[in-house]
Enquirer: 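One structure is given below, represented as structure tokens, and several questions about it will come after.
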Amino acid sequence: MTSTQRLAFLKGHGTENDFVIVPDPDGRLDLPATAVARICDRRAGVGGDGLLRVVRSAAHPEARAQADEAEWFMDYRNGDGSIAEMCGNGVRVFARYLLHAGLVEAGDLAIATRAGVRRVHVAKTGDVTVSMGSAALFEDGVVVTVDGRSWPARNVNMGNPHAVVFVDDLAHAGDLRAVPPFSPASVYPDGVNIEFVADRGPRHVAMRVHERGSGETRSCGTGACAVAVATARRDGAAPARTGAPVTYRVDVLGGSLSITELPDGTVEMTGPAEIVAEGTFDPAWLAAVLA
């Protein structure tokens with residue numbers, strides 16, 4: 001793009017996990033990691049936990065195979081510019097944007113992601129529900145350590161990797177600015193999201209999270225799903241075994257999410273998603289960022 005062109009953006013959040021949204025329907029914009037990191041910088045850019053580029057699936061090489069199922073592809077980047085497979089809060093915000101922009105009608109739709117197609121129900125107002133697929137659980141003997149304390153972690157993959165740690169007090173997670181040490185490192189060669197979980201009541205937990213590439217965030221949708229799945233296993237309430245769905249309320253720093261696991265393994269996440277602002281990048285600033 002040239003320095004005279006204006007590029008639109010929006011800001012949105014889901015339980016205060018916030019994103020810069022960049023519409024690029026024809027896939028013409030090259031956004032290197034350094035540019036994404038500058039845009040997501042909270043002091044020198046727009047600011048966000050991540051960036052959602054809105055591209056037609058047919059126009060993106062990673063999503064063309066999904067174009068028959070889902071018209072739109074969520075090209076998600078972490079706040080440091082690195083590519084991520086999935087973002088649960090991001091999918092809800094992405095769906096809210098599509099409705100806001102008049103690109104879809106309210107109701108059921110499909111969104112392509114690097115972790116596969118996600119089915120979404122978006123109402124004209126209120127919460128958005130996402131079918132997040134099934135969790136994969138592994139017995140890898142992962143251990144997470146903070147300030148001399150160590151805990152076993154449950155390795156859960158929700159399209160992206162998670163380590164779920166149960167603690168007595170969420171303060172035990174420390175400041176979460178840096179990724180908490182974990183072992184063996186070989187289990188997560190591409191990094192990991194680490195959730196610290198404390199009980200709040202029956203089918204009710206609270207969590208804090210260090211997100212890969214972003215640090216501590218106010219919420220993590222895939223993390224909340226991983227937490228609910230791991231908690232159901234801990235509680236002996238795995239739906240595949242009991243034959244009954246189980247729902248957990250998962251409190252995050254930015255609000256609450258409702259996570260339901262069905263007997264067939266499908267995990268559904270329901271929570272808010274809002275568009276809060278829209279504008280355009282200053283052309284000269286953006287040209288320098290993209291240079």
Enquirer: Under 4.0 Å between a Lys/Arg side-chain N and an Asp/Glu carboxylate O for Arg119 and Glu69?
Expert: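 Yes, Arg119 and Glu69 are salt-bridged.
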
Enquirer: If you count every heavy atom of other residues, nucleotides or ligands that lies below 6.0 Å from Glu105 atom CD, does the total exceed 12?
Expert: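 Atom CD in Glu105 is not crowded, with 12 or fewer foreign heavy atoms closer than 6.0 Å.
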
Enquirer: Do Arg234's NZ or CZ and the ring of Phe166 fall within the cation-pi criteria of under 6.0 Å and 45°?
Expert: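 Yes, Arg234 and Phe166 form such a contact.
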
Enquirer: Fit a plane to each ring of Tyr188 and Phe182, take the angle between them on a 0 to 90° scale, and name the class: parallel (under 30°), tilted (30 to 60°) or perpendicular (over 60°).
Expert: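 Perpendicular, since the angle between the ring planes exceeds 60°.
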
Enquirer: Are Tyr97 and Val22 connected into the same hydrophobic cluster when the rule is that any two of I, L, V, M, F, W, Y join if their side-chain heavy atoms are below 4.5 Å apart?
Expert: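 Each belongs to a different hydrophobic cluster.
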
Enquirer: Roughly how far, to the nearest 0.5 Å, is the CD1 atom of Ile21 from the CG atom of Leu52?
Expert: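 One gets 5.5 Å once the value is rounded to the nearest 0.5 Å.
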
Enquirer: Under a 3.5 Å distance rule, please check whether Ser214 uses its side chain to pair with a backbone N or O of Asp49 as donor and acceptor.
Expert: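 Confirmed, Ser214 side chain pairs with Asp49 backbone.
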
Enquirer: Under 3.5 Å, is there a donor-acceptor pair linking the side chains of Asp127 and Thr270?
Expert: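 The answer is no; no qualifying pair exists.
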
Enquirer: How long is the straight-line distance from CD of Glu274 back to CZ of Arg92, given to the nearest 0.5 Å?
Expert: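 Taking CZ in Arg92 and CD in Glu274, the distance rounds to 10.5 Å.
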
Enquirer: Looking at every non-hydrogen atom in both residues, tell me the closest pair between Cys87 and Asn17 and how far apart they are.
Expert: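 In terms of heavy atoms, the two residues are closest at SG-OD1, 4.4 Å.
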
Enquirer: Say whether, by atom type as modelled, one donor and one acceptor occur between the side chain of Arg154 and the main chain of Val164 under 3.5 angstrom.
Expert: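 Answer holds: no.
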
Enquirer: Kindly say whether His172 contributes a backbone atom to a donor-acceptor pair with the side chain of Asp169 at under 3.5 angstrom?
Expert: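 Checking the backbone N and O of His172 against the side chain of Asp169, no donor-acceptor pair under 3.5 Å is found.
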
Enquirer: Can you tell me if Asn78 uses its side chain to pair, donor with acceptor, with the backbone of Asp80 under 3.5 Å?
Expert: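 No, Asn78 side chain to Asp80 backbone: no donor-acceptor pair under 3.5 Å.
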
Enquirer: Considering all heavy atoms of both residues, which atom of Ala8 and which atom of Pro23 are nearest to each other, and what is their separation?
Expert: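 Minimum heavy-atom contact is O-CD, 3.5 Å.
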
Enquirer: Using 30° and 60° as the class boundaries, would you call the ring planes of Phe9 and Phe281 parallel, tilted or perpendicular?
Expert: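 Tilted.
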
Enquirer: Under the 3.5 angstrom rule, does the side chain of Arg96 hit a backbone N or O of Ala273 as a donor-acceptor pair?
Expert: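 Flag set: sc Arg96 to bb Ala273 pair under 3.5 Å.
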
Enquirer: Please check if the side chain of Arg53 supplies one atom and the backbone of Leu29 the other of a donor-acceptor pair under 3.5 Å.
Expert: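 Side chain of Arg53 to backbone of Leu29, a donor-acceptor pair under 3.5 Å: yes, one is there.
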
Enquirer: Is Glu195 reaching over with its side chain to a backbone N or O of His162, donor-acceptor style, under 3.5 angstrom?
Expert: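 Such a contact is absent between Glu195 side chain and His162 backbone.
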
Enquirer: How many angstroms lie between CG in Asp140 and OG in Ser183, if you round to the nearest 0.5 Å?
Expert: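 Atom-to-atom, Asp140:CG and Ser183:OG are 11.5 Å apart.
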
Enquirer: Counting distance only, does the side-chain N/O of Arg208 pair as donor-acceptor with the main-chain N or O of Arg218 below 3.5 Å?
Expert: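 No.
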
Enquirer: Given side chain to side chain contact (heavy atoms under 4.5 Å, CB included), test Arg212 with Asn160 step by step and report yes or no.
Expert: CA-CA 10 Å; Arg212 177 182 56 166; Asn160 56 354; 3.8 Å; yes

Enquirer: Within the 4.5 Å heavy-atom criterion, are Val209 and Val252 side-chain neighbours or not?
Expert: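 No, side chains not in contact.
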
Enquirer: Between Asp199 (side chain) and Gly201 (backbone), is there a donor-acceptor pair under 3.5 Å?
Expert: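 No; zero donor-acceptor contacts below 3.5 Å.
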
Enquirer: If you compare all heavy atoms of Asp18 against all heavy atoms of Arg42, which two are closest, and at what distance to 0.1 Å?
Expert: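 Scanning both residues, the minimum pair turns out to be OD1-NH2, 2.7 Å.
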
Enquirer: Are Leu286 and Leu31 co-members of a hydrophobic cluster defined by side-chain heavy atoms under 4.5 Å apart?
Expert: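 Result: yes, single cluster for both.
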
Enquirer: Which heavy atom of Ser131 sits nearest to which heavy atom of Thr266, and what is that distance?
Expert: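 Heavy-atom minimum between the residues: OG-CG2, 3.3 Å.
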
Enquirer: From Asp75 CG over to Asp24 CG, what is the distance, rounded to the nearest 0.5 angstrom?
Expert: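 Those atoms lie 8.5 Å apart.
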
Enquirer: Has Ser57 got a side-chain atom pairing as donor or acceptor with Ala70's backbone, closer than 3.5 angstrom?
Expert: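 It does hold such a pair.
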
Enquirer: Taking atom CG as the centre, does Asp168 end up with more than 12 heavy-atom neighbours from other residues, nucleotides or ligands that are less than 6.0 angstrom away?
Expert: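 No, because the 6.0 Å sphere around CG of Asp168 holds 12 heavy atoms or fewer from other groups.
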
Enquirer: In the structure I gave you, are the side-chain heavy atoms of Arg118 and Met86 within less than 4.5 Å of one another anywhere?
Expert: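 They are in contact (side-chain heavy atoms under 4.5 Å apart), so the answer is yes.
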
Enquirer: Specify the closest pair of heavy atoms between Ala153 and Val144, including all atoms of both residues, with the distance to one decimal.
Expert: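 Looks like CB-CG2, 3.9 Å.
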
